[in-house]
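One is the number of the first residue; the rest follow in order along the sequence. For the numbers below, each heavy atom of this structure counts, side chains included, while hydrogens, waters and symmetry mates do not.
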Amino acid sequence: MPLETLSVSRAFGGEQGVYRHESIACGVPMTFSVYVPPHAPGARLPVLWFLSGLTCTHANVTDKGEYRRACAEHGIIFVAPDTSPRGEDVADDPAYDLGQGAGFYLDATQPPWAPHFRMRSYIEDELPGVIAANFPVADIGRQGITGHSMGGHGALTIALRNAGRFRSVSAFAPIVAPTEVPWGRKAFASYLGDDPALWRNHDACALIADGARSGPILVDQGEEDPYLAEQLQPERLANGCAAAGIDLTLRMQAGYDHSYLFVSTFMADHIGWHAAHLNH
């Protein structure tokens, strides 16, 4: 499908763009941002996917993530999709944790969400093809994925369901066990129905318990995060990875909260960590 360029700006020798296209999976126009670092003509570059959290669009990390200097240094393309379909004809809910801005990176099966809320298909299948057709990306074996909060949930589950596709996986304050916490239970019941057995394919800890595996994982979590105890519970991921033999580095960061100030503080560190795997 044709790609519409909404804006392009120079940054650290590369180009930060915002783009829109008609999504087949979601049935509405979808907007995303891409940073392409400086590179030699004909070069094919590794890709780092960033999935955002509740209420966010592509713009939150694009404006606040402070990733461009590190991506330019390491030669990594940075892709930031939206968190859900949007528009007047797209179902929504007054609550911040359901509907537009809260797609949870799954394909909804229940009304009124099913027609458009197909973020799993969009992120796993459709958007990678759009990126590959329009940007100088390397082969699929040189890709990493990361995300924040709900996007951390998305990064972990997408990597676990697609073994071998991502060399590296990281997350900032991820929802690691959504079937066990209020945010996930509310969203899954609405999008997928009342059978918890159908939710397990969208829960990182459940996927690991059921045999899914991934490459190395890096997680940063703020100790002052107001959602830590009720919604995030990183110790569940630590226990699951230890039992499964998955290489997890979990760093509890004293004094940090859930905001993009926390994300931006450790963003360059994550990009360098991904680069060590993607450029190997």
Side-chain angles (χ1 to χ4, degrees), residues 1-7 17-34 49-65 79-131 133-134 145-158 161-162 174-175 178-179 181-195 198-199 201-203 227 231 260:
M1 301 294 289
L3 191 64
E4 180 185 1
T5 300
L6 301 182
S7 67
V18 178
Y19 308 92
R20 181 167 55 209
H21 72 119
E22 291 289 338
S23 168
I24 295 172
C26 297
V28 294
M30 296 291 288
T31 302
F32 60 91
S33 74
V34 179
W49 295 82
F50 182 92
L51 305 184
S52 296
L54 288 167
T55 75
C56 292
T57 70
H58 70 281
N60 295 77
V61 70
T62 305
D63 294 344
K64 303 175 184 178
V79 179
D82 203 344
T83 55
S84 78
R86 299 178 189 272
E88 293 183 0
D89 296 330
V90 176
D92 201 6
D93 189 274
Y96 75 95
D97 54 357
L98 190 67
Q100 295 186 38
F104 272 85
Y105 303 100
L106 53 77
D107 285 356
T109 60
Q110 303 299 305
W113 315 105
H116 299 292
F117 280 73
R118 298 182 53 79
M119 290 302 293
R120 174 182 178 178
S121 292
Y122 180 67
I123 298 296
E124 290 187 3
D125 301 322
E126 183 178 13
L127 188 56
V130 173
I131 298 299
N134 290 278
I145 191 166
T146 186
H148 174 223
S149 192
M150 179 186 71
H153 140 76
L156 292 169
T157 55
I158 288 171
R161 287 195 303 260
N162 294 272
I175 308 170
T179 63
V181 302
W183 275 341
R185 289 173 178 167
K186 176 181 179 179
F188 289 178
S190 296
Y191 295 142
L192 301 173
D194 294 329
D195 184 359
L198 300 178
W199 304 353
N201 202 34
H202 306 280
D203 180 307
Y227 306 113
Q231 306 281 13
Y260 266 93

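- Looking at E124 and R161, a side-chain N of the basic residue comes within less than 4.0 Å of a carboxylate O on the acidic one, giving a salt bridge.
- Judged as a side-chain contact (heavy atoms from CB on, under 4.5 Å), and not counting sequence neighbours, P115 has no contacts.
- Nearest approach of H153 to P178, heavy atoms of both residues: ND1-CG, 3.8 Å.
- Here the shortest heavy-atom pairing between N201 and R120 reads ND2-NH1, 3.1 Å.
- At least one side-chain heavy atom of F32 sits under 4.5 Å from a side-chain heavy atom of V130.
- By the 30° and 60° cut-offs, the orientation of the rings of W183 relative to Y96 is perpendicular.
- Using a 4.5 Å heavy-atom threshold, the side chains of V61 and H148 count as separate.
- Under a 3.5 Å cut-off, the side chain of W113 and the backbone N or O of D107 do not form any donor-acceptor pair.
- Between E126 and R118, every side-chain heavy-atom pair lies at or beyond the 4.5 Å cut-off.
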Q. Could you go step by step and tell me if V34 and I131 meet the side-chain contact (heavy atoms from CB on, under 4.5 Å) rule?
A. CA-CA 9 Å; V34 179; I131 298 299; 3.9 Å; yes
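- Applying the salt bridge (charged side-chain N to carboxylate O under 4.0 Å, His left out) rule to D92 yields no partners; only residues at least two apart in sequence or on another chain are considered.
- The CZ atom of F117 sits 9.0 Å away from the SG atom of C26 when rounded to the nearest 0.5 Å.
- Residues Y191 and G103 come closest through the heavy atom pair CE1-O, 4.2 Å.
- Residues L51 and P81 form a side-chain contact, since some pair of their non-hydrogen atoms from C-beta on lies under 4.5 Å apart.
- With sequence neighbours left out, Q100 forms a side chain to side chain donor-acceptor pair (under 3.5 Å) with no residue at all.
- Residues G184 and F104 share a closest heavy-atom pair of CA-CE2, 4.3 Å.
- The heavy-atom pair separating G193 from Q110 by the smallest distance is N-CG, 3.4 Å.
- Panel note: side chain D203, backbone T179; a donor-acceptor pair is recorded below 3.5 Å.
- S190 meets the side chain to side chain donor-acceptor pair (under 3.5 Å) test with no other residue; sequence neighbours excluded.
- Within the 4.5 Å cutoff, no side-chain heavy atoms of M150 are placed close to those of S52.
- With contacts defined as side-chain heavy-atom distances shorter than 4.5 Å, the pair L106/F188 qualifies.
- Here the CE atom belonging to M30 is positioned 8.0 Å from the CZ atom belonging to R86, to the nearest 0.5 angstrom.
- Side-chain atoms of Y105 do not come within 3.5 Å of backbone N or O of S84 as any donor-acceptor pair.
- In this structure the side chain of L198 never reaches within 4.5 angstrom of the side chain of T109, judged on heavy atoms.
- With sequence neighbours excluded, no residue forms a side chain to side chain donor-acceptor pair (under 3.5 Å) with T157.
- Side-chain contact between H21 and L127 is present, with heavy atoms from C-beta onward closer than 4.5 Å.
- Heavy atoms from other residues, nucleotides or ligands lying under 6.0 Å from CG of D89 number 12 at most.
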When the side chains of residues 53-60 are checked against the rest of the protein, which donor-acceptor pairs come out under 3.5 Å, sequence neighbours left out?
{"unit_1": "T57", "atom_1": "OG1", "unit_2": "A59", "atom_2": "N", "d": "3.0"}
{"unit_1": "N60", "atom_1": "OD1", "unit_2": "T57", "atom_2": "N", "d": "2.9"}

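- Counting all heavy atoms, side chain and backbone alike, K186 lies closest to D97 at NZ-OD1, 2.7 Å.
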